[in-house]
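Below is one structure, written out as structure tokens; comments come after it.
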Amino acid sequence: MAFLAFTFSIVGVQKAGTSTLQWMLNQHPEVARPPRKEMGWFDVDDASWRTVDHSAYGIKHAQPIHRALGDATPRYLLMPGALDRMHARRPDLRLIAIFRDPIDRLVSQWVMVRDRQPDRAPDWPEMIQWRPDDFPTELPSQFEGPGGRARFMRASGVIRGYYGGQVRHGLSLFPREQWLFLDFAELLSEPAKTLDTVTRHIDVGRFKPYPPLKKLMAGSPQITGTAPTGEDLMVLAKALEPELAEFVALTGRSVDHWTTERLLTGELDPDEQAAVYARKAGLGEPS
């Protein structure tokens, strides 16, 4: 057995298949398993970061066959300073980011947190309240002070879908060849093709055989709360429109099949889509 440093990281986004992809990669004989899915190594605050033993970023039980090691911490793409700290310490890491339609992703996050903490988690109106003009690469001033990081995370529902700003910041730190941008829908519809792309990126052989697709972290909860409305969806879609345009320009990926784009083009009726979300959450039809 020998020490193996981390060679890649799945850096985002939340509710877009990071657990599923991590589980599948863990089945590869050349990929060592991390101690846990979300190492959270780089998203600590600056004060804590200075006390971390950076030489320990790896595992001590690697086998000779192991060529790659990675975790999946979706907060890395979101938290101000996380990618910067990663670049300062491990500028050679291969990075993977999986994206999902931002409104679908937001609804999924809201349902998840309401299911887990119905009395403490933000309801829908709070989830969509904070919509700054651009993706913050530093902690905004309103979140400075004690508990600021937790308040930022609570308020960050919409900006987790600011994909243009996230990719722009990521590319300003790491070169394009170290990034792999994936689509959640393609992971589900074409898992073998997606895995071939991933294994090439992290420099291991193709799967033989491919692992089964498992939709981890999925469920059918019955939550309490305020159902999204069609008006809410259009407000979000218009706020996210420039982010989608920048995301397409930077990654070359199409978003024509995403809910947000289809709302903007008029292909989807916002009230009907809001009703779909309400049913999935176990709520009544939105008023």
Side-chain angles (χ1 to χ4, degrees), residues 1-39 41-42 57-77 83 86-87 90-101 105 163 166-167 170-171 173-218 247-248 250-258:
M1 294 187 179
F3 178 81
L4 176 65
F6 278 77
T7 62
F8 72 90
S9 183
I10 302 171
V11 298
V13 299
Q14 184 191 42
K15 305 303 295 179
T18 58
S19 296
T20 296
L21 180 59
Q22 177 71 22
W23 180 87
M24 297 172 85
L25 287 176
N26 282 347
Q27 313 313 306
H28 196 291
E30 297 175 31
V31 178
R33 296 191 179 193
R36 58 188 179 275
K37 178 214 168 194
E38 298 190 27
M39 296 298 293
W41 197 270
F42 300 103
Y57 187 52
I59 60 172
K60 299 179 181 179
H61 58 273
Q63 302 291 339
I65 194 174
H66 290 150
R67 298 179 56 187
L69 169 67
D71 78 325
T73 304
R75 298 183 302 278
Y76 284 162
L77 203 59
L83 290 183
M86 179 183 285
H87 181 262
R90 293 302 309 277
D92 58 334
L93 278 176
R94 292 276 167 165
L95 307 177
I96 302 169
I98 317 175
F99 298 94
R100 178 183 184 181
D101 171 78
R105 192 220 64 78
Y163 299 152
Q166 291 174 33
V167 172
L171 290 174
L173 296 168
F174 292 88
R176 179 64 177 83
E177 59 268 20
Q178 287 177 227
W179 283 97
L180 178 62
F181 303 119
L182 301 175
D183 189 321
F184 176 64
E186 291 182 3
L187 174 63
L188 298 184
S189 64
E190 299 180 300
K193 180 180 178 181
T194 301
L195 286 176
D196 284 348
T197 302
V198 174
T199 52
R200 283 195 302 271
H201 185 65
I202 64 174
D203 196 26
V204 296
R206 294 175 65 177
F207 273 97
K208 297 178 182 179
Y210 294 97
L213 177 66
K214 288 190 176 183
K215 297 181 182 179
L216 304 178
M217 307 300 289
F247 173 78
V248 171
L250 292 175
T251 67
R253 300 205 64 99
S254 173
V255 297
D256 291 347
H257 58 295
W258 281 4

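The figures that follow rest on heavy atoms only: side chains count, while hydrogens, waters and symmetry mates do not.
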Measure the shortest side-chain to side-chain distance between [X] and [Y] over non-hydrogen atoms and say whether it is less than 4.5 angstrom.
{"X": "L182", "Y": "F99", "result": "no"}
{"X": "V204", "Y": "H28", "result": "yes"}
{"X": "Q22", "Y": "P34", "result": "yes"}
{"X": "V167", "Y": "W179", "result": "no"}
{"X": "I96", "Y": "H201", "result": "yes"}
{"X": "V11", "Y": "T18", "result": "no"}
{"X": "V198", "Y": "L180", "result": "yes"}
{"X": "R105", "Y": "F184", "result": "no"}

Restricting to side-chain hydrogen bond (donor to acceptor under 3.5 Å, both in side chains), what partner residues turn up for [X], sequence neighbours left out?
{"X": "E38", "answer": "R75"}
{"X": "D196", "answer": "R206, Y210"}
{"X": "H257", "answer": "D183"}

Return the [atom1] to [atom2] distance between [X] and [Y], rounded to the nearest 0.5 Å.
{"X": "R94", "Y": "S9", "atom1": "CZ", "atom2": "OG", "answer": "13.5 Å"}
{"X": "L69", "Y": "I59", "atom1": "CG", "atom2": "CD1", "answer": "5.0 Å"}
{"X": "I98", "Y": "F181", "atom1": "CD1", "atom2": "CZ", "answer": "12.5 Å"}
{"X": "R67", "Y": "T199", "atom1": "CZ", "atom2": "OG1", "answer": "10.5 Å"}
{"X": "R90", "Y": "L95", "atom1": "CZ", "atom2": "CG", "answer": "10.5 Å"}
{"X": "R33", "Y": "L25", "atom1": "CZ", "atom2": "CG", "answer": "11.0 Å"}

If you compare all heavy atoms of [X] against all heavy atoms of [Y], which two are closest, and at what distance to 0.1 Å?
{"X": "M86", "Y": "Y76", "answer": "CE-CD1, 3.6 Å"}
{"X": "W23", "Y": "P211", "answer": "CZ3-CB, 4.2 Å"}
{"X": "P35", "Y": "F6", "answer": "CD-CZ, 4.3 Å"}
{"X": "N26", "Y": "A32", "answer": "OD1-O, 4.4 Å"}
{"X": "E30", "Y": "G205", "answer": "OE1-N, 3.4 Å"}

*Between Y163 (side chain) and V13 (backbone), is there a donor-acceptor pair under 3.5 Å?*
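No; zero donor-acceptor contacts below 3.5 Å.
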*Look at D71 together with K37 and state whether they make a salt bridge at an N to O cut-off of under 4.0 Å.*
no
*Determine, stepwise, if the pair K15 / R100 fulfils side-chain contact (heavy atoms from CB on, under 4.5 Å).*
CA-CA 8 Å; K15 305 303 295 179; R100 178 183 184 181; 3.9 Å; yes
*side-chain contact (heavy atoms from CB on, under 4.5 Å) between L77 and L83: does it pass, once the steps are laid out?*
CA-CA 7 Å; L77 203 59; L83 290 183; 4.0 Å; yes
*Would W258 and F247 count as a close aromatic pair, with their ring centres under 6.0 Å?*
yes
*So, Y57 versus F42, ring centres under 6.0 angstrom or not?*
yes
